[in-house]
Amino acid sequence: MSVPPRIGLTGGIASGKTTVANLFADLGATIIDTDVIAREVVEPGQPALGDIVAAFGDEVLRPDGSLDRAALRARIFASDEARKTLEAITHPRIRAETLRQADAAGGAYQVIVVPLLVESPLRGSVDRVLVVDCPEQVQIDRLVARDGESEDGARRILAAQSSRSERLAIADDVITNDGRLEDLQQQVADLHEIYRSLA
Ligand code: ATP
């Protein structure tokens with residue numbers, strides 16, 4: 001049996017990745033969400049959590065032994081080196097589990113949602129890169145509306161991610177999500193036909 005083509009879906013924060021993934025799912029595509037896998041690999045009992053504690057200390061654990069995400073986020077926000085240390089622990093495991101799930105999942109093609117695909121080792125494991133793109137101001141407006149972020153807070157989050165141009169530089173396909181939901185549906189439907197024909 002041939003392996004289904006793997007499409008890496010990425011985009012900046014609040015660009016519309018989940019919205020686009022849901023539209024692909026409505027058309028019957030197989031979706032694998034690495035955000036979910038990223039949470040699973042750091043659950044208590046998983047080797048990654050032990051490695052994180054060895055690197056960052058007990059202060060990144062809650063009293064119940066689960067990961068204190070806010071404490072860890074504060075550490076990696078403050079230091080590039082700390083972020084790299086964390087990524088060296090989590091990225092290979094996220095990649096391995098993602099590929100395991102992809103191998104088991106089947107389908108005509110697979111959409112693998114990887115928010116930070118530019119930085120991820122999964123980049124080498126997908127056949128095409130699909131970027132959900134929108135102007136930064138639209139991302140900021142959505143962060144303010146959806147998460148109650150301040151305008152400044154939203155700008156800081158964007159600054160900590162790859163830039164719009166870095167993402168577009170790795171794109172094979174681009175979905176523009178700066179307008180109406182119907183425009184988005186049409187773009188997804190067009191790509192669905194292309195991806196099915198790749199199989
Ligand atoms: P995150 O990076 O935080 O996981 P995301 O990239 O998955 O976000 P979504 O959650 O899909 O983005 O979208 C962000 C917000 O913007 C949501 O509240 C969503 O409903 C809204 N949104 C996305 N696309 C549109 C659109 N075309 N029109 C109106 N609202 C939209």
Side-chain angles (χ1 to χ4, degrees), residues 6-43 67 69-70 72-74 76-77 83 86-87 90-91 94-95 97-98 101-102 105 109-123 126 128-192 195:
R6 289 174 180 163
I7 316 301
L9 170 61
T10 193
I13 189 162
S15 57
K17 297 178 294 296
T18 307
T19 307
V20 167
N22 288 340
L23 291 171
F24 275 108
D26 289 346
L27 298 176
T30 298
I31 312 292
I32 295 172
D33 186 343
T34 62
D35 258 354
V36 175
I37 295 170
R39 282 194 290 274
E40 288 168 357
V41 301
V42 297
E43 279 174 3
L67 185 63
R69 294 171 174 285
L72 186 59
R73 209 178 304 125
I76 62 168
F77 225 71
R83 183 178 52 76
L86 178 67
E87 287 176 355
T90 55
H91 278 178
I94 294 168
R95 175 177 180 277
E97 176 58 17
T98 300
Q101 290 190 15
Y109 67 93
Q110 301 176 335
V111 175
I112 303 181
V113 186
V114 192
L116 302 179
L117 186 62
V118 172
E119 299 91 331
S120 166
L122 275 163
R123 220 174 119 179
V126 296
R128 288 183 83 80
V129 173
L130 168 58
V131 171
V132 182
D133 180 57
C134 66
E136 288 187 352
Q137 190 56 50
V138 174
Q139 286 175 272
I140 292 165
D141 292 346
R142 286 183 190 147
L143 283 169
V144 170
R146 186 190 65 180
D147 301 346
E149 275 294 340
S150 67
E151 177 109 6
D152 272 1
R155 283 187 196 285
R156 272 197 297 276
I157 295 171
L158 261 63
Q161 298 194 329
S162 315
S163 66
R164 188 181 182 189
S165 59
E166 284 169 320
R167 280 188 298 273
L168 288 173
I170 66 162
D172 296 293
D173 307 305
V174 177
I175 285 184
T176 303
N177 183 27
D178 60 357
R180 297 175 316 145
L181 231 41
E182 302 86 81
D183 297 336
L184 208 56
Q185 269 160 350
Q186 188 56 53
Q187 294 178 76
V188 171
D190 291 347
L191 284 170
H192 175 69
Y195 294 156

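Both counts, for ligands and for their atoms, begin at 1 and track the order of listing. Below, each value reflects all heavy atoms present in this structure, side chains not excepted, and no hydrogens, waters or symmetry copies.
In this structure, CD1 in I112 is found 10.5 Å from CG in L9, a value given to the nearest 0.5 Å. A distance of 13.5 Å separates CZ in R123 from CZ in R95, rounded to the nearest 0.5 Å.
Under 4.0 Å is where a charged nitrogen must lie from a carboxylate oxygen, and between D133 and R167 no such pair does. A salt bridge is absent between R39 and E43; no separation between the charged side-chain nitrogens and carboxylate oxygens falls under 4.0 Å.
Applying the side-chain hydrogen bond (donor to acceptor under 3.5 Å, both in side chains) test between D183 and each of Q187, Q186, R180, Q185 identifies R180 as the sole match. Only one option out of T19, V113, N177 pairs with V132 in a side chain to side chain contact (heavy atoms under 4.5 Å, CB included); it is N177.
Using 4.0 Å as the threshold, G12 has a heavy atom nearer than that to some atom of ligand 1. Taking a 4.0 Å cut-off on heavy atoms, G11 fails to register as neighbouring ligand 1. For G179, the heavy-atom gap to ligand 1 drops under 4.0 angstrom. Using a non-hydrogen distance threshold of 4.0 Å, P115 does not register as a contact of ligand 1.
Looking from atom 6 (O) of ligand 1 to the surrounding protein, the closest heavy atom is K17 NZ, 2.7 Å.
Checking L181, T18, T19, V138 against atom 19 (C) of ligand 1, the nearest heavy atom belongs to T19. Around atom 31 (C) of ligand 1, the closest heavy atom drawn from Q161, R146, E182, R142 belongs to R142.
H192 approaches Y109 most closely through the heavy-atom pair ND1-OH, 2.7 Å.
Short contacts between ligand 1 and N177, defined as distances under 4.0 Å to a heavy atom of the residue, involve ligand atoms 23 (C), 24 (N), 25 (C), 26 (C), 27 (N). Listed by atom number, the atoms of ligand 1 under 4.0 Å from A14 heavy atoms are 1 (P), 2 (O), 3 (O), 5 (P), 6 (O), 8 (O), 12 (O), 14 (C). The distance from ligand 1 to the heavy atoms of G16 drops below 4.0 Å at these ligand atoms: 5 (P), 6 (O), 9 (P), 11 (O), 12 (O), 13 (O).
Not a single protein heavy atom sits closer than 4.0 Å to atom 29 (C) of ligand 1.
In terms of modelled atom types and a separation under 3.5 Å, the side chain of S15 and the main chain of G12 share a donor-acceptor contact.
For ligand 1, none of its N or O atoms has an N or O atom of I13 under 3.5 Å away. Every N/O-N/O distance between D35 and ligand 1 stays at or above 3.5 Å.
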Side chain to side chain donor-acceptor pair (under 3.5 Å) evaluation trace for E166 with S163:
CA-CA 5 Å; E166 284 169 320; S163 66; 3.3 Å; yes
